[in-house]
Number of protein chains: 2
Amino acid sequence: MNVGEVAALAGVTVRTLHHYDRIGLLSPSGRTAAGYRQYSAADLDRLHQVLLYRELGFSLEDVATLLDAPDADPEAHLRRQHRLLRDRLERTRAMVAAVEKEMEARSMGISLTPEERFEVFGDWLPEEYEAEAEEKWGDTDAWAQSQRRTRSYSKNDWVRIKAEGDDIERRFAAALQSGAAPDSAEAMDLAEEHRQQITRNFYDCPPAMHAGLGRMYVEDERFTAHYEQIAPGLAQYVSTAVQANAARQG
Amino acid sequence: MNVGEVAALAGVTVRTLHHYDRIGLLSPSGRTAAGYRQYSAADLDRLHQVLLYRELGFSLEDVATLLDAPDADPEAHLRRQHRLLRDRLERTRAMVAAVEKEMEARSMGISLTPEERFEVFGDWLPEEYEAEAEEKWGDTDAWAQSQRRTRSYSKNDWVRIKAEGDDIERRFAAALQSGAAPDSAEAMDLAEEHRQQITRNFYDCPPAMHAGLGRMYVEDERFTAHYEQIAPGLAQYVSTAVQANAARQG
DNA sequence: GCTTGACCCTGACGCCGCGTCAGGCTGCAG
DNA sequence: CTGCAGCCTGACGCGGCGTCAGGGTCAAGC
């Protein structure tokens, strides 16, 4: 077979085969008088192995080393490839699960920590990383600390936190129905309580950031929906109160 | 956070972050007076998306295009990533099967034809090509439709969707209190309704995936808390019901 | 026998996604 | 105030090809 046919069969370009020839990874076993590359069945076998290893992320140099190892029997390669492929399967499954988790979390209004989201990346060694992280900046970096904070919450903590949140929302709703203006002291106090609750339980939330959240409550339909479900007009009410409070706090 | 911390968290090198900044793919939202890059939580979110798409084989340029698309809401990205990951899962499974077939053939002294062996590579175009195709002619494709589904939700839609979800949760709680077993027909029917609701409103959720979600409800404290707040024991109840239903659906 | 168009050859340059110095500034711990 | 870890900006290099350019080869059809 000459290059074009092999390329079509294997799903690679002619240039790739040229390249593999040039670097000695896969040289066709023969040439025609005119210099055309002639690939044998054995060459195809080798190409197949090359492509599998390449797909698995090996550099071409490493692939060459693997395939040219003196004790290289085909079965061993197959077993190794099989193992590597199953590792990848696992990893992909984990990534799918992570995305599903994120979707589900979003649909429930829960937000995941960055650490959780990045978990699936890198061959990061959990133990080492945790230890190193704590050593290096665990205590100095407030942000990372707050991440670790939410991570260590138990089920009961989460129940309590959610109850706290619901409580404030109910009191906001009551204030709204009582006719208190969203920029009244009462509403602003509630907003401040809300802000401090976020700071205690999740992350440091200065007034400016809080105001940003407030804006979001009316700009993002999903947050709006969350509040509108409790009481009509509540999204706008909370949003205004939060921003008024932020202005008050300076 | 500054570069080193972000790099460690995400499992990439500082150089990579520099590169992403230089090419405008991910520029930190701030700098210190001394010029140190400062990454915000939003920046981390974006980085996460970037890494996922990169992992899926998109070029950095394409990633930028995707992430900067004006109508690109996070949910759409999640759905697309989910789909691509599942494609990849399929493909990896096929490769594992191919290797197993080859091993089996060898152990029986049979040798496969080149076409058979390269089969799994020949079909390999789907991921890239299909993704591109969908970008180009996405209007006619079913997936684009499903994508537009949530993107175009209005505030009222979100209110309705959330109400639907709350309704099912309440009925689950009622079933729990009535003493119906989590693997009773009643509970399983509710689980099925839950699954179909997800499929209607968010993404295609076959029983197997649903079972995975069910497991998460008892494994992740935050999801557990969500259900425990409605009624004690509800997390475990829903989890069991969902998995029983998945088993029932085959 | 001659043309034509598909296919092949060998350079050589280019691009992407970083790795890897080099040379110099910054920030904080002791 | 002195280290030393960490940050900055170039600048060069490399792996794995893509992509011409310039030119030979082969089988088909006239």
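Each chain gets a letter, A, B and so on, in the order the sequences are listed, and its residues count up from 1. FYI, side chains are in, hydrogens and waters are out, and symmetry mates aren't considered; it's all heavy atoms of this structure.
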Sequence neighbours left out, what passes salt bridge (Lys or Arg N to Asp or Glu O under 4.0 Å) with A/Arg80? Give chain and number order.
-> none
Please state how far atom CZ in B/Arg22 lies from atom P in D/dG10, giving the value in whole angstrom units.
-> 6 Å
Pull out every residue in residues 24-39 of chain B that has a heavy atom closer than 4.0 Å to any atom of DNA chain C, ordered by number, or say none.
-> B/Ala34, B/Tyr36
Here the distance between atom C1' of D/dT25 and atom CG of A/Asn2, to the nearest Å, is 11 Å
Partners meeting side-chain contact (heavy atoms from CB on, under 4.5 Å) with A/Arg31 (sequence neighbours left out) | A/Asp21, A/Arg37
Could you tell me which residues satisfy ring-ring contact (aromatic ring centres under 6.0 Å, His included) with A/Tyr53, sequence neighbours excluded, listed by chain and number?
-> A/Phe58, A/His77
Intermediate values then yes/no, side-chain contact (heavy atoms from CB on, under 4.5 Å), B/Leu85 and B/Leu52 | CA-CA 9 Å; B/Leu85 279 170; B/Leu52 249 172; 4.3 Å; yes
Could you tell me which residues satisfy side-chain contact (heavy atoms from CB on, under 4.5 Å) with A/Asn2, sequence neighbours excluded, listed by chain and number?
-> A/Glu5, A/Tyr36, A/Gln38
Which residue pairs pass the salt bridge (charged side-chain N to carboxylate O under 4.0 Å, His left out) test with at least one member in residues 11-20 of chain B, sequence neighbours excluded?
-> none
Overall bend of the helix from C/dG1-D/dC30 to C/dG30-D/dC1 (five pairs an end, 10° steps) is 10°
Where protein sits on nucleotides 14-22 of chain D, one letter per nucleotide: B base, S sugar-phosphate only, - none, heavy atoms under 4.0 Å = --SBBB---
For A/Glu192, all residues meeting side chain to side chain donor-acceptor pair (under 3.5 Å), sequence neighbours excluded = A/Arg195, A/Gln196, A/Asn245, A/Gln249
Over how many whole Å does the gap from B/Leu17 atom CG to D/dC8 atom C1' extend?
-> 14 Å
Test item: B/Leu17 and B/Tyr39 side chains (from C-beta on) under 4.5 Å apart, heavy atoms | yes
Looking at residues at least two apart in the chain, or sitting in another chain, which of them share a salt bridge (Lys or Arg N to Asp or Glu O under 4.0 Å) with B/Glu61?
-> none
Given D/dC8, is OP1 or OP2 found less than 4.0 Å from the side-chain N or O atoms of B/His18?
-> yes
d(CG, B/Asp21; C1', C/dC18) in whole Å | 15 Å
Across all chains, not counting sequence neighbours, the salt bridge (Lys or Arg N to Asp or Glu O under 4.0 Å) partners of A/Asp189 are A/Arg248
Who are the side-chain contact (heavy atoms from CB on, under 4.5 Å) partners of A/Ser40, not counting sequence neighbours?
-> A/Ser29, A/Ala42, A/Asp43
